[in-house]
Amino acid sequence: MHKHPEQKVHAPDNLSDLLASLRQRPESLLMSGGTWIGSSSLMRIHMHDQDIFWTGRIEELKRIFRSDRFLEIGASASFDRIIHLDGHLIPQGLRQALLNTVPTPVRSLATLGGNLCIPDESLNLLPFMSLWDARLELRKQGVSRYLPATEFINAEHELNLDPGEILVRIRVPLGRWNMQAYERLAADPRHNVPSQAFCGLVRIHRNLIEEFRVARIFSNYRWHANEQIDAQMIGQKLPIAEKAMQHWIDDSLKSLHETHDSVHQLVLNRFRTLSLRFARSIRPDYTE
Ligand SMILES: Cc1cc2nc3c(=O)[nH]c(=O)nc-3n(C[C@H](O)[C@H](O)[C@H](O)COP(=O)(O)OP(=O)(O)OC[C@H]3O[C@@H](n4cnc5c(N)ncnc54)[C@H](O)[C@@H]3O)c2cc1C
């Protein structure tokens, strides 16, 4: 990263100092792992006259806490740290998502908060967190507020963050889903098709589907979820009948095609494969 002679890099060691400084200089750039800031050409052009505040020394922002009901992850916890939590501490679907999101060498630096706060873009993890009903704790000096992940970006793809405000923690509710899946397909540059991800959550009780949610993620800030169509699966007996699966997939892809402009046929085909694989993997043996 090129540093302008006038630019200052600060590394506060507590959250109060960081928030007090950001209140005075809200135009400063917050840096967590620095992996996006360092790799974004657009960012490199605009960042020269901004002071940088690096969060890496603030323990409070890296803390991870788990209770029976939720997992709370500090915004500056790295992917690696979260992935390597004990198996019973982290939901399998979240681990899968983090493993699949960034290449191995980047994981030790990249943070969950950094992924969620990339301006004007939402990458893989915001739709994932929305599907899980995660809540975000945002803070500026003297004020905290809590926001559902679904409300973190607006229709213009802007982040719901005030000047001087930062993401402090992500709270993921636990205990609701007894099957979680996350699968990602790499981009196909020959057809100009970006990477895609499929995220599915199911609650099964006595061999019946009680709750069912899916998100299909394709390229930055584009994803699709339709609760009404997913509701077709509620009450299905396991294993799900092929006809019901096909019906659900046809309706889901039709809705995706109608709601989003110019979705490549290859994207739809790949989602068909991912959806079918997911629906077939929901077996009676997942029952509690
Ligand atoms: C090679 C490579 C491949 C990648 N592939 C994928 C992919 O396939 N899918 C995907 O989802 N992501 C992908 N990423 C992006 C990666 O997930 C992000 O770079 C990373 O998560 C950002 O975290 P960071 O800590 O490095 O953020 P930084 O680069 O430090 O910051 C990113 C942005 O978030 C802001 N920010 C950081 N922390 C906070 C906070 N606490 N509060 C408010 N704002 C904050 C910063 O100001 C900056 O604007 C890839 C990255 C690389 C380098």
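It should be emphasised that the depicted structure is a prediction, and the values quoted were computed from it without experimental measurement. Note that ligands are numbered from 1 as they come in the structure, with each ligand's atoms numbered from 1 the same way. Numbers for residues simply follow the sequence, beginning at 1.
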**Prompt:** Does the side chain of F53 reach to within under 4.5 Å of the side chain of L29, using non-hydrogen atoms?
**Reply:** no
**With F218, the ring-ring contact (aromatic ring centres under 6.0 Å, His included) member among H260, H264, H224** = H260
**Prompt:** Cationic tip of R135 within the cone over Y146's six-membered ring, i.e. under 6.0 Å and within 45° of the normal?
**Reply:** no
Would one find an N or O of [X], backbone or side chain, under 3.5 Å from an N or O of ligand 1?
{"X": "T101", "result": "yes"}
{"X": "V106", "result": "no"}
{"X": "S39", "result": "no"}
{"X": "G34", "result": "yes"}

**Message:** Is the contact between A75 and ligand 1 made by the side chain, the backbone, both, or neither, using heavy atoms and a 4.0 Å cut-off?
**Reply:** side chain
**Message:** Heavy-atom pairs closer than 4.0 Å: do any link ligand 1 to the side chain of S78, the backbone, both, or neither?
**Reply:** neither
**Item:** Residues that E242 engages under side chain to side chain donor-acceptor pair (under 3.5 Å), provided they are two or more places apart
**Value:** R280
**Item:** Residues in ring pair (Phe, Tyr, Trp, His ring centres under 6.0 Å) contact with H247, at least two apart in sequence or another chain
**Value:** none
**Request:** Dump the intermediate steps for salt bridge (Lys or Arg N to Asp or Glu O under 4.0 Å) on R176 and E211, then the final yes or no.
**Result:** CA-CA 9 Å; R176 179 162 172 192; E211 285 190 84; 2.6 Å; yes
Proximal ligand 1 atoms for [X], defined as those under 4.0 Å from one of its heavy atoms:
{"X": "T111", "answer": "21 (O), 23 (O), 24 (P), 25 (O)"}
{"X": "P119", "answer": "49 (O)"}
{"X": "R184", "answer": "7 (C), 8 (O)"}
{"X": "L29", "answer": "47 (O)"}
{"X": "M31", "answer": "30 (O)"}
{"X": "T35", "answer": "18 (C), 19 (O), 20 (C), 22 (C), 23 (O), 24 (P), 26 (O), 29 (O)"}

**Fill in**
Tightest non-hydrogen contact, residues E165 and K140, listed as CA-CB, 3.8 Å
**Message:** Given L18, L161, L98, I37, identify the one with the heavy atom nearest to atom 31 (O) of ligand 1.
**Reply:** I37
**Message:** My understanding is that only one of H157, E158, E151 makes a side-chain hydrogen bond (donor to acceptor under 3.5 Å, both in side chains) with N154; could you say which?
**Reply:** E158
**Prompt:** For the atom pair CG (N226) and CD (E258), what is the distance rounded to the nearest 0.5 Å?
**Reply:** 10.0 Å
**Asked** Quick one: does E165 get within less than 4.0 Å of ligand 1, heavy atoms only?
**Response** no
